[in-house]
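Quick notes on the structure that follows.
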Amino acid sequence: MVFLSIFTAQTSCAAENYQIYYFSPESNINNYSLLKREFDQYLADQGPFRFQPFADSATFSEIILAEQNGLYLMSSWQYEQLKTEVDLCPLMVGMADGKVYHNYFLIVPEQIESINELANVTLASSSSETFSQTILSQALQATPAQENKLPTVRFLMVPKDIDALMAVSFGMARGALVSAVSYSDFKNINPQQASSLKILAKGQKHLLPILTATTLQDSRAGSCARALEKMQENKAGRIRLKMLGLDGWRRVASTQELEGLL
Amino acid sequence: MKMVQLLFGLLLMQCFIPLPIDAASKILLVNSDVSIAKYQHAMLAFSDSVKTAELKTLDLAAGKFEENSSRLEELIRQEQPELIYAIGAQAYEQVRKSRSNVDIIFSSLLNWRRLPIKGHTWGIAGELPPKMEVMLFRHLFPDMEKIGVLYCSKINSKLLAEASRAAAGVNLQFIGQKLSQGQNLEESLALLLPQVEALWLMADPKVLSSRQAIQTIFDKAQALDKPVFSYSEVFEPFGPTLIISTDQPTVGRQAAALAAMIRAGDKPATKVQFPAGSRVILNPNKAQKFGLKVNPNAMSSVNRIME
């Protein structure tokens, strides 16, 4: 199979570093320099590999559309958008708590009964505004039929999910869009605070970040992909994966297999 | 069917586009000092968030302060902004003194309660609420039980009480040691540090009275293998294990959201909000050295690692 053969291909030594390009609209934390430093430090022992996070979607997309040599680690949302424009080969999908997917919740104070009560309110989110709009729309389509008059909302971008949940708890926002895992963590950290919140809507499942290559990748792609895959096997690697919200990887052999995971 | 779904999706998207400040809105942004990083971060995030508004910026630090003070009054008269955003205490003071009736938003100033707040003024506090810091302590260090606080009772009794109430909700305990007149700093630390697993620095001018006092605190904590948690990157040279501070870009975005609400005629219910975003800087090597277990799931919440 074309994709699995990337993992078994022999590496040819090339002088320049081989890049893993990364962007996530699902995170606003702005810890790119941290990610780059920690991943570069780890990957330096694995081969001529470097990690290059991006702060914005447009620049990341340009790199992919230009089919620059390297591997691309992207959100599944972005994968769906880009796969129609570039021939992307999915290699692995991230895993967390044994699952390859996650979903998002709309969390509100306990006393809110319906989406209609959220007219003109502020919703806190750690994702980009565009992604937040998408997951909120999906969450509302998933609930029982809504009235025609849907409320307008304002998004407040915060660094991380726990900030979004605290913003609702402490009155800086009227709702929060957070991952199910973050909501679960929040309930464990402070059950008393969490009891004043509830899930108003649940979004669709999204695959965790997908590692892809284009058809123009060179032979270093295989050893680079293997180096990333092996991160789950050692402590130093697992710590770095946690910075991406992951604890491992699952190989995929084809686009069809990827789509079948949900 | 797909077309129907597409149209429905487009309809939903229209409903979730945030209310922009209308194109005719004129906003005056008064920055105490653009060269100060935290003021700059708030300003840039605000500017990015109010793209549709006409935005004029004044840097009070550029030129003489007194000249800028009269420049500000003149600018307000000329420009007739519909809203003024003041970043930092100096900017807020000058805007307040300008006797303008324009709606004002302030941010990035410490201890806002010491300043008069008029009827048409809203703001974002400079400090994170203790309950947010407490949540983050628990999120990062799941096994921690006792944190020490050295404080001056006249300044920080209420804050410590508030923090203690929040701590109870996450099974943490704050052990407070008053810095009293009869006792010097070293004696107070000698009493406190053996009882706790870490020391939390509060903004307290009596405790953090001098560079020497700060150095003493860090030295004594280090000698007893106790990590120090601080509230500002200003302390980074002294070697804290953890810094939790306000995320300034979020402050700028909050100010922009407030501005949008005010311009839309929705007066915010709360006059002064807490900052909604936090910035976490961790030294994991020190945490390990001091025997603090760090929650691996919390690493995605760390903005920066200290060496």
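Residue numbers start from 1 in every chain, and the chains themselves are labelled A, B, ... in the order their sequence lines are given, proteins ahead of strands.
- For Gln192(A), the CD atom is loosely surrounded, since the number of other residues' heavy atoms within 6.0 Å does not exceed 12.
- Looking at Ile189(A), the atoms closer than 4.5 Å to chain B (heavy atoms on both sides) sit in the backbone and in the side chain alike.
- A salt bridge links Asp103(B) and Lys267(B); the closest N-O separation between the charged side-chain nitrogens and carboxylate oxygens is under 4.0 Å.
- Interface summary for chain B: among Met243(A), Gln193(A), Glu38(A), the most heavy-atom pairs under 4.5 angstrom belong to Met243(A).
- Donor-acceptor pairing under 3.5 Å is recorded for the side chains of Tyr104(A) and Glu26(A).
- If you tally non-hydrogen atom pairs under 4.5 Å between each of Leu136(B), Asn171(B), Ile305(B) and chain A, the highest count goes to Ile305(B).
- For Pro275(B), the part lying near chain A is the backbone, with the side chain staying farther off; criterion is any non-hydrogen pair under 4.5 Å.
- Chain A forms the most heavy-atom pairs under 4.5 Å with one residue out of Arg279(B), Met261(B), Arg138(B), and that residue is Met261(B).
- For a residue to count as touching a neighbouring chain, one of its non-hydrogen atoms must lie under 4.5 Å from one of that chain's; by this rule Arg240(A) does not touch chain B.
- Residue contact with chain A, scored on non-hydrogen atoms closer than 4.5 Å, involves the backbone and the side chain of Ser278(B) alike.
- With contacts defined as side-chain heavy-atom distances shorter than 4.5 Å, the pair Tyr85(B)/Leu55(B) does not qualify.
- Between Glu259(A) and Lys83(A) there is a salt bridge, since at least one side-chain N of the basic residue sits less than 4.0 Å from a carboxylate O of the acidic one.
- Residues Ser61(A) and Gln78(A) have side chains that bring a donor and an acceptor to within less than 3.5 angstrom of each other.
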